[in-house]
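As the structure lists them, so they are numbered: ligands from 1, and atoms in each ligand from 1. If you're wondering where the values come from, they're calculated on a predicted model, not measured in any experiment. These values consider heavy atoms only, across backbone and side chains, with no hydrogens, waters or symmetry-generated copies.
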Amino acid sequence: MTRVFSGIKPTGHLTLGNYLGAIRRWADVDQYQSDALFCIVDLHALTVDHDPARVRRLTRQDATLLLATGLDPKLCTVFVQSHVDEHARLSYVLECVATDGEMRRMIQYKEKSARERERGGSVRLSLLTYPALMAADILAYGTDEVPVGDDQAQHVELARDLAVRFNQRYGHTFVVPRTASPRVAARVMNLQEPTSKMGKSDDSGPGIVYLLDEPETVRKKIMRAVTDSGRGVVYDQAEQPGIANLLEILAACTGGDPEALSGEYETYGALKKDTAEAVVEVLRPVQDRHRELCTDPAYVEAVLRDGAERARAMARPTVDAAYRAIGLLPAVAEEAEPNATR
Ligand code: TYM
């Protein structure tokens, strides 16, 4: 059975981009068709300036929301990264396989470190080494497929490169993973700035639809989305990014095709109205279930405890094998190997 792994970083409230780009597929497809693990990757939230209490709060909230989107702990494993030591154990080993140059080439590192420097802040070393930890998240589980939005594709590519390099140098240890991106809405853009990604860590509230936004707020944000002056409703990402973004969101919510949908609209207003209603309808069941789950935090905690136990048992053998392959002496005496004198 295909092994699927994906994760979400508790650095802000979950957005429509997170949902359409990744999470919806986890709940609707992956958990049924594969042996899937979904992780709240809290260690990654420490790579930028952070408030400890907020990270804790968002970790709980993300776990609750993931379950609210339909993830069923009987079908998949839901857990928190820091509850399973294997991620950090393997991350260090992969730092010893990666190069400084390939880490510095990562687009997210370049963008985030530049932003931090502009603000006069300092860049944490973990922001640079982040992709090694992400590779560890993936490789520890023998992952075949990583369902993510477009912005994470480069990091998954790096995980592939590290797996191949490790296997060539130290013997076959890791499965080489591949990216799985959605057909539409792989990069949902900010409604106010349609050339930038809708990111949960950004401050621009009016351009971001959050999963827990009230229906009226969703409608307002979408009706006020920036549109392009020009040629009517045309699906053209380069020339009409605002309209293309709305068409992608509508297509993702209704199962349609953005190009075909563009032919159905004469005016921007009508497109916005239908997009807003489609988003409200997609979010409604998630919000209803979230409200229910909030009344039972003990259930969410039990899911996470059980998930961590299962994840630990899955990751341990692979990480132990990687430690042995790279030359680290096992802590517990093993059966003597034929060439034990070496
Ligand atoms: P994160 O937390 O930024 O995002 C979680 C998932 O949501 C997708 N996504 C989007 N998709 C479409 N449009 C958008 N505007 C949008 N914004 C976010 C992301 O592509 C991602 O799939 N480094 C990762 C978390 C991570 C991870 C992993 C993922 C850590 N280890 C191992 C997969 C496997 C991140 O920061 O995602």
Mind checking what residues have non-hydrogen atoms under 4.0 angstrom from ligand 1?
F5, S6, G7, I8, K9, G17, N18, G21, A22, V41, H44, Y130, M134, D137, I138, V146, V148, G149, D151, Q152, A185, A186, R187, V188, K197, M198, K200

State which residues pass ring-ring contact (aromatic ring centres under 6.0 Å, His included) with Y265; sequence neighbours excluded, sorted by chain then number.
none

Are F166 and M134 co-members of a hydrophobic cluster defined by side-chain heavy atoms under 4.5 Å apart?
yes

Whether R312 side chain and H83 backbone form a donor-acceptor pair below 3.5 Å:
yes

Using the ring-ring contact (aromatic ring centres under 6.0 Å, His included) criterion, which residues pair with Y19? Sequence neighbours excluded.
none

Hits for ring-ring contact (aromatic ring centres under 6.0 Å, His included) against H155, two or more places apart or cross-chain, chain-then-number order -> Y130

Parallel, tilted or perpendicular: ring planes of H87 versus Y141, cut at 30 and 60 degrees
tilted

